[in-house]
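Below: the structure, in structure tokens.
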Amino acid sequence: MNQQQTPGGHRRRRPWIAIAATAAAVVAATAGAAVYRFAPGAGPANTSAAEPAGPPAASAGAPSVPVSAQPSLSLGPATTASASAKASASPSRSATRPAGGGGSCALPAYPTESCAGVPAGWAPKKTVEGDLKITKAGATIENYLVKGSITVQADNVTIRNSRVYGQINNFVGDRIYGPLTMIGLEAVNPPGQEFTTNGEFAIGTADFTCRRCKVINRIEGFRAGGSSSAGAGPIVIEDSFVQLAVPPGLCDSEDPHGDGVQGYGGPHITLRHNTIDQRQDDCPTAPVFIPDGQGNNGGVVDDNLLAGGGYALRLGGGQFSSVTGNKIVQGTAAYGPVEVTCSEIGEWGGNAIVTYDWATGRIKKETKKITECG
């Protein structure tokens, strides 16, 4: 694989990734539903890896330090922790909280790395050298550095302004523990480790809210799943920044086909005002991938900035009451900006292809409206 750097600092893509994304719309009939593909040719297959019916793995430490070899801290009933307000999962744009959050990254801007995750100048008040298991209902974890993974095994937990080198997961055994609220959380690699070969998702799995969260240089971002399990509830991801990356050469030996957000048996999900950048993945699926045939329950997808993938936005699993205001960065998706099942979409409007200033988080120009499925 050619690993030369582009002027923007991103590795050059395989030839199939470099396909121009400017072509005519194609409408195909599949299973009685119209699927809109804005595409130059045949699209990619549903390439996300199949999973077992049970819950995903509970730990995903950095590959350089095996999680099994790390010590583990359990935050249980004996630990003093403040109570946490129950998370609220708003199902649509009509929520009382306006779309776009606040601060310098509010609409018309989009989240950048600097306005998600822990605040500038942050330092941890507590460091956990290995994994952290949270077993106290109502616990609040704030200003933690966790060098392993976080397993949430209690209801009404809040994680605020914290950094983790592994995975955050609230699907344990056959149960979802929630609502889980995460604000200013970031899942990153340890210092000095630019990439990871760990293909586990960074944050999941159901009945959680993630606001101003940040995921950097992971193969997989968010996972929505477990909808048939006890405790499953809706997901809200908003005002967050996700940058996916695959290590140089990995696409030549494996096919991780990562996603920014993947639904696999996913509950209702609200994706509102997020930036998901998959340009550093040479063998991607999509920044947003919620397909049919995998037990997904639809949701709301509004005001997101998406880049990369085979298609940038792939929706077909369940009913989507609103898919509006989404911007796809021009020339970044291999086959085209969107692949959606039109019959599953309620409101469709304001979606467009744009040029984008990654430094400021602002759109330079809207180059083409995506009007289909309106």
Check: Roughly how far, to the nearest 0.5 Å, is CG of Asn169 from CD1 of Ile150?
Finding: 11.0 Å
Next item on the list: Could you tell me whether the side chain of Thr355 reaches within less than 4.5 Å of the side chain of Ile363, counting heavy atoms only?
Entry: no
Notebook entry, point to check: Donor-acceptor pair, Thr135 side chain versus Gln153 backbone, under 3.5 Å?
Noted result: no
Item checked: Rounded distance [0.5 Å steps], CG in Leu313 versus CG in Asn326 -> 6.0 Å
Margin query: Just so I know, are the side chains of Val128 and Leu145 near enough to count as touching, which here means a heavy-atom distance under 4.5 Å?
Written below: no
Margin query: Membership question, hydrophobic clusters at under 4.5 Å side-chain separation (ILVMFWY): are Ile183 and Val152 in the same one?
Written below: no
Note to self: Using a 3.5 Å distance criterion without hydrogens, assess whether the side chain of Glu186 forms a donor-acceptor pair with backbone atoms of Val118.
What the structure shows: yes
Next item on the list: Tell me yes or no: between the side chains of Gln330 and Thr367, is some donor less than 3.5 Å from an acceptor?
Entry: yes
Next item on the list: Start with the C-alpha gap between Phe320 and Asp302, add the side-chain angles, then the distance that decides, and say whether side chain to side chain contact (heavy atoms under 4.5 Å, CB included) holds.
Entry: CA-CA 10 Å; Phe320 293 86; Asp302 289 337; over 6 Å; no
Notebook entry, point to check: Counting distance only, does the side-chain N/O of Asp207 pair as donor-acceptor with the main-chain N or O of Ala232 below 3.5 Å?
Noted result: no
Next item on the list: Could you tell me the separation between the CZ atom of Phe208 and the CD1 atom of Ile269, rounded to the nearest 0.5 Å?
Entry: 6.0 Å
Checklist line | Salt bridge flag under 4.0 Å for residues Glu366 and Lys327 | finding: yes
Next item on the list: Please determine, by modelled atom types, if Ser229 and Asp174 share a side-chain donor-acceptor pair under 3.5 angstrom.
Entry: no
Next item on the list: Look at the side chain of Ser114 and the backbone N and O of Thr112, then say whether any donor-acceptor pair between them is shorter than 3.5 Å.
Entry: no
Next item on the list: Identify the heavy atoms of Ile203 and Met182 that sit nearest to each other, and give their distance.
Entry: CG2-CE, 3.7 Å
Margin query: Tell me whether Ser149 contacts the main-chain N or O of Gln167 through its side chain, where contact means a donor paired with an acceptor under 3.5 Å.
Written below: yes
Margin query: Test side chain to side chain contact (heavy atoms under 4.5 Å, CB included) on Glu200 and Glu220; report intermediate values, then the result.
Written below: CA-CA 6 Å; Glu200 294 286 347; Glu220 292 277 347; over 6 Å; no
Next item on the list: Using distance alone, with no hydrogens and no angle criterion, decide if Thr341 and Ser343 have a side-chain donor and acceptor under 3.5 Å apart.
Entry: no
Notebook entry, point to check: How far apart are the closest heavy atoms of Ala312 and Pro287, and which atoms are they?
Noted result: O-CD, 3.2 Å
Margin query: Could you check whether any side-chain N or O of Asn296 sits under 3.5 Å from a backbone N or O of Tyr264, counting only pairs where one atom can act as donor and the other as acceptor?
Written below: yes
Check: Hey, are Thr196 and Asn189 close enough side-chain-wise for a donor-acceptor pair under 3.5 Å?
Finding: no
Check: Would you find a donor on one side and an acceptor on the other, under 3.5 Å apart, between the side chain of Asn304 and the backbone of Leu271?
Finding: yes
Note to self: Could you go through Val301 and Leu315, starting from their C-alpha distance and side-chain angles, then the distance that decides it, and tell me whether this counts as side chain to side chain contact (heavy atoms under 4.5 Å, CB included)?
What the structure shows: CA-CA 9 Å; Val301 183; Leu315 302 174; 4.2 Å; yes
Margin query: Determine whether a donor-acceptor pair (N or O, by modelled atom type, separation under 3.5 Å) exists between the side chain of Glu194 and the backbone of Asn217.
Written below: no
Checklist line | Flag, side chain of Thr332 to backbone of Val329, donor-acceptor distance under 3.5 Å | finding: yes
Checklist line | Cys210 and Phe222, any side-chain heavy atoms less than 4.5 Å apart | finding: yes
Check: Do Asp239 and His273 have side-chain atoms, one donor and one acceptor, less than 3.5 Å apart?
Finding: yes
Item checked: Min side-chain heavy-atom separation Cys283-Pro256 under 4.5 Å -> yes
Check: Roughly how far, to the nearest 0.5 Å, is OG1 of Thr127 from OH of Tyr144?
Finding: 10.0 Å
Note to self: Using modelled atom types and a 3.5 Å cut-off, is there a donor and acceptor pairing between side-chain atoms of Asp259 and backbone atoms of Val261?
What the structure shows: no
Item checked: Close side-chain approach of Cys213 to Ile237, heavy-atom, < 4.5 Å -> no
Next item on the list: Evaluate side chain to side chain contact (heavy atoms under 4.5 Å, CB included) for Leu185 paired with Ile168, printing each intermediate quantity in order.
Entry: CA-CA 10 Å; Leu185 173 73; Ile168 303 94; 3.8 Å; yes
Notebook entry, point to check: Less than 4.0 Å between a side-chain N and a carboxylate O, is that true for Arg218 and Asp281?
Noted result: no
Notebook entry, point to check: Within 45° of the six-membered ring axis of Tyr177 and under 6.0 Å from that ring's centre, is NZ or CZ of Arg175 located there?
Noted result: yes
Next item on the list: Can you measure from CZ (Arg362) to OG1 (Thr360) and round to the nearest 0.5 angstrom?
Entry: 6.5 Å
Check: Taking the side chain as C-beta and beyond, is there a heavy-atom pair between Pro191 and Tyr165 under 4.5 Å?
Finding: yes
Next item on the list: Please tell me if the side chains of Thr151 and Val172 come closer than 4.5 Å, counting only heavy atoms from C-beta onward.
Entry: yes
Check: Do His268 and Val300 have side-chain heavy atoms sitting under 4.5 Å apart?
Finding: yes
Notebook entry, point to check: So Tyr356 and Tyr110, would you call those rings parallel, tilted or perpendicular, with 30° and 60° as cut-offs?
Noted result: perpendicular
Note to self: Nearest 0.5 Å, please: how far is CD1 in Ile176 from CZ in Phe171?
What the structure shows: 5.0 Å
Item checked: Nearest non-hydrogen partners of Ala154 and Ala137, listed with the distance -> CB-N, 3.6 Å
Margin query: Between Asn143 and Trp122, do the side chains contain a donor N or O and an acceptor N or O under 3.5 Å apart?
Written below: yes
